[in-house]
Amino acid sequence: SKGRSPSFPHLAGLKNGDSANSYIHQVASGRFGVTPEFLVTGKQLEIKIAQGAKPGEGGQLPGPKVSEYIAGLRASKQGVTLISPPPHHDIYSIEDLAQLIHDLHAINEKAGVSVKLVSSIGIGTVACGVAKADADVIQISGGDGGTGASPLSSIKNAGCPWELGLAEAHSALLNNGLRDRVVLRVDGGVRTGRDIAIGAMMGAEEFGFGTIAMIAEGCVMARVCHLNTCPVGVTSQKEELRKKFPGTPEHVVNFFEFVAEEVRQLMAHLGYTRFEDLIGRADLLKQSEEQIQRVSKSRGVHLDPFFGGIPNSKDDRSFLRAQVEGTLVPKDALIHTNKLSSDLDREVCGSADIKKVISDNYGETTANFDIKNTDRSTCAMLAGDIARTHGNNGFKGKVNVNFHGSAGQSFGAFVLPGLYVRLTGEANDYVGKGMHGGEIVVVPHADAGFVAADSSIVGNACLYGATGGDFHANGRAGERFCVRNSGAYAVAEGTGDHCCEYMTDGVVVVLGSVGRNVGAGMTGGVGYFYDPSNDLEERLNKEIVQMQRVESSEGEAQLKHIIERHFEKTGSEKAEDILNNWENEIGNFWQVYPPSERNNPVVKKDVFVENTLRVSASAPDGALCFLPVGGELGAEQTQRCAD
């Protein structure tokens, strides 16, 4: 019907070919709602290192605001506070950031990648690293603006003016010959055409509006975003308040027309007819002696040292264009692509059998490949091809991909239902990053001369932000195993520090020792830890979670089935030993859970349950994911365990 989108029929009021799909899809440190479909439908993917109004701090969404709808979008629990971690879990260094940029370019080659940096001293060095990491856009975020849900201390005291960060970043990029590789965007309190003109002269090519655009469509700055009581329904999940929302798209369009008119007038005043002629022209700026004298606390302040170092680009304007094979092209039309590190992924995606199963949405195929540690983000492109055609859960075929060798970083990133990946060898960091379904199995070579249960087989931050899928590693994992897991069912035979950190859903089984700080910030999901030496209690972060022995029959059934599947998939000797002595070994397991899982049948005894018990997250289809409570293993499964 008129005014409705065929893509989003539940939304009314779309006009002029508009879409309800955001142009920019953000990948923040919390990874809330980051799924393969989310990534392939964005035209630009923004990595949020931090926000200018609260640099270095994780965000927080209070429990009362997490409605059923929000919880569904973010793969979390209704009514449970969502804690976004600071961004250091997979970004310890510029190389780690480069890997995340690589992951996003892999799953969606047509989308540019922007990186949001906080305006601060030293940002120039970071900006150069980001440009070398093949980002397409660098966004400088100032300390003004920001969400009304920021802590008051941050709103009043945190962050630097965007002018300082922008000037330093532009200067550093220009001096190091990198300015033509990236577009510079600035935000954080940008409100007027004058702000845009000054930002352009300091080097910005694009501008972000947040607070002022919300005010244009009805926000009254009541500063109660975090309380779910917004009087005009902008930031509230309560329907009675949402009905009071007064805004229309025309309000925002009207505001930006006035902003554009102000910019046009300023350009006319300066004698310029093209906006790009202002970009980088800091020589057109001068300190206002009148304004400095007007306010007592600014007397004696000289701005020249802050902005005098911006290179003079009056005559050399080449940085406004990117050079591609000797030809100058507009930078906003250029999207960097991965080089040799994605060749294996392109080979996998180019398999005729795999392409046929994806296009037919039917059938099964198996492919085998050798892999080396320079092959990064392997399977991300394949996951993107499937998600682009069938969405997160619409793929009905089955693709089995077997790899042999040592995998590079982000192996199995964004795997989704219908994709079954097996690696014989070992893998680096970030295995299963953003996994949404399907299966990843990592096992050592048959002739490996070490005990699998005592040796590391995958690196750090595995399953970061996973929203589904089954993961089995026949060996130990590194630090931050299942950080921000919100749906995957994972098994490893030991982990480093910070296991299950910031987890909101899913099940984690660890069949060996763990490091310190287990369960920090964990608000959902359940963990099972094999601990015959009773060391877990001193390594558990008890700020939120609790630990107990496996008390309910449902919990025991879930744990046993997952370990049986682990043995079936990997041939794990550790799993076999535990299963062969199950009656005694079940007493060596601790169950770790947060308050939100207190009434979960697998946690609490004598709770009424339906006739199914979740034991897998490889597929969205219930028949594939559930075992009847009290159900017995089939004859074939029993024989495998006996073997």
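If you're wondering where the values come from, they're calculated on a predicted model, not measured in any experiment. Heavy-atom basis, side chains included; hydrogens, waters and symmetry copies ignored.
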Are any side-chain N or O atoms of S171 and backbone N or O atoms of A169, one a donor and one an acceptor, separated by less than 3.5 Å? no
From the list I196, D195, T192, side chain to side chain contact (heavy atoms under 4.5 Å, CB included) with V263 holds only for I196
side-chain contact (heavy atoms from CB on, under 4.5 Å), that's the test. Do F255 and I212 meet it? Break it down for me. CA-CA 9 Å; F255 167 74; I212 194 66; 3.4 Å; yes
I need the minimum non-hydrogen distance between L173 and A127, along with the two atoms involved. CD2-O, 3.7 Å
As an exercise, state the distance from SG of C462 to CG of N485, rounded to the nearest 0.5 Å. 11.5 Å
Between I107 and V40, is there a side-chain heavy-atom distance shorter than 4.5 Å? yes
So which atom in G208 and which in V190 form the shortest heavy-atom distance, rounded to 0.1 Å? O-CB, 3.9 Å
Below 4.5 Å, heavy atoms only, C-beta onward: do V182 and F319 meet side chain to side chain? no
Return yes if some donor-acceptor pair links the side-chain N/O of D277 with the main-chain N/O of Y272 below 3.5 Å, else return no. no
Taking atom CZ of R194 as the centre, does the number of heavy atoms from other residues, nucleotides or ligands within less than 6.0 Å exceed 12? no
Judged by atom type as modelled, is there a donor-acceptor pair below 3.5 Å linking the side chain of N392 to the main-chain atoms of E37? yes
Rounding to 0.5 Å, atoms CZ (R281) and CG (N312) come to a distance of 7.0 Å
Please determine, by modelled atom types, if Q323 and D180 share a side-chain donor-acceptor pair under 3.5 angstrom. no
Quick one: are L340 and T374 in side-chain contact, heavy atoms under 4.5 Å? no
Is there a side-chain contact between F369 and T378, using heavy atoms and a 4.5 Å cut-off? no
Between F411 and V458, is the side-chain contact (heavy atoms from CB on, under 4.5 Å) condition met? List the steps. CA-CA 10 Å; F411 175 78; V458 293; over 6 Å; no
Is it true that atom CZ of F256 has more than 12 heavy atoms of other residues, nucleotides or ligands lying nearer than 6.0 Å? yes
Could you check whether the rings of F38 and H25 sit parallel, tilted or perpendicular, using 30° and 60° as the cut-offs? parallel
Residues K65 and C225: closest non-hydrogen pair is NZ-O, 2.6 Å
Evaluation steps, side-chain contact (heavy atoms from CB on, under 4.5 Å), between V421 and L419: CA-CA 6 Å; V421 181; L419 183 53; 4.0 Å; yes
Indicate whether the side chain of Q99 and that of S377 have a donor and an acceptor atom separated by less than 3.5 Å. yes
Identify the heavy atoms of A466 and G432 that sit nearest to each other, and give their distance. CB-O, 4.3 Å
E205 with K331: basic N within carboxylate O range, under 4.0 Å: yes
With a 4.0 Å cut-off, would you call R264 and E257 a salt bridge? no
Quick one: do R181 and D134 make a salt bridge, cutoff under 4.0 Å? yes
Assess the side chains of D505 and S486: does a donor N or O sit below 3.5 Å from an acceptor N or O? no
Residues I386, F414; criterion side-chain contact (heavy atoms from CB on, under 4.5 Å); working and verdict: CA-CA 11 Å; I386 295 173; F414 312 115; over 6 Å; no
Taking the six-membered ring for Trp, is the centroid-to-centroid distance between H102 and Y430 below 6.0 Å? no
Using side-chain heavy atoms (C-beta onward) and a distance below 4.5 Å, is N541 in contact with V518? no
Does any non-hydrogen side-chain atom of M503 lie less than 4.5 Å from one of C500? yes
Basic-acidic side-chain contact under 4.0 Å: E479, R516: no
So, K314 and D283, do they make that salt bridge, N to O below 4.0 Å? no
Do D343 and D375 have side chains that get closer than 4.5 Å, going by heavy atoms? no
Inter-residue atom distance I138.CD1 - R179.CZ, 0.5 Å rounding: 8.0 Å
Between E426 and I457 (side chain of the first, backbone of the second, donor and acceptor by atom type, cut-off under 3.5 Å), is there such a pair? no
Backbone of G165 reached by a side-chain donor or acceptor of S119 within 3.5 Å: yes
Taking all non-hydrogen atoms of both residues into account, name the closest pair between A167 and I310 and its distance. CB-CD1, 3.7 Å
Find the distance between CZ (R31) and CZ (R484) and round it off to the nearest 0.5 Å. 9.5 Å
Are D103 and K433 ion-paired here, with the side-chain N under 4.0 Å from a carboxylate O? yes
Expected output: side-chain R476 to main-chain G496 donor-acceptor under 3.5 Å: no
Would you call the rings of F471 and F481 parallel, tilted or perpendicular if under 30° counts as parallel and over 60° as perpendicular? tilted
Test your reading of the model: is there a side-chain donor-acceptor pair from Q139 to the backbone of K116, 3.5 Å cut-off? no
Tell me the closest heavy-atom pair linking A111 and L45, and the distance in Å. CB-CG, 4.1 Å
May I ask you to check whether N517 and D497 show a side-chain donor-acceptor distance below 3.5 Å? no
Just by distance, do the side chain of K339 and the backbone of T337 share a donor-acceptor pair under 3.5 Å? yes
Output for pair (L423 CG, S406 OG), nearest 0.5 Å, gives 8.0 Å
Any chance you could measure C499, atom SG, to R480, atom CZ, to the nearest 0.5 Å? 11.5 Å
Is the backbone of V483 close enough, under 3.5 Å, to the side chain of E501 for a donor and an acceptor to pair up by distance? no
Determine whether the side chains of H105 and D136 contain a donor N or O and an acceptor N or O closer than 3.5 Å. yes
Hydrogens and angles aside, do S93 and E95 bring a side-chain donor and acceptor to less than 3.5 Å of each other? yes
Contact between V113 and Q44 at the side-chain level, heavy atoms closer than 4.5 Å - yes or no? no
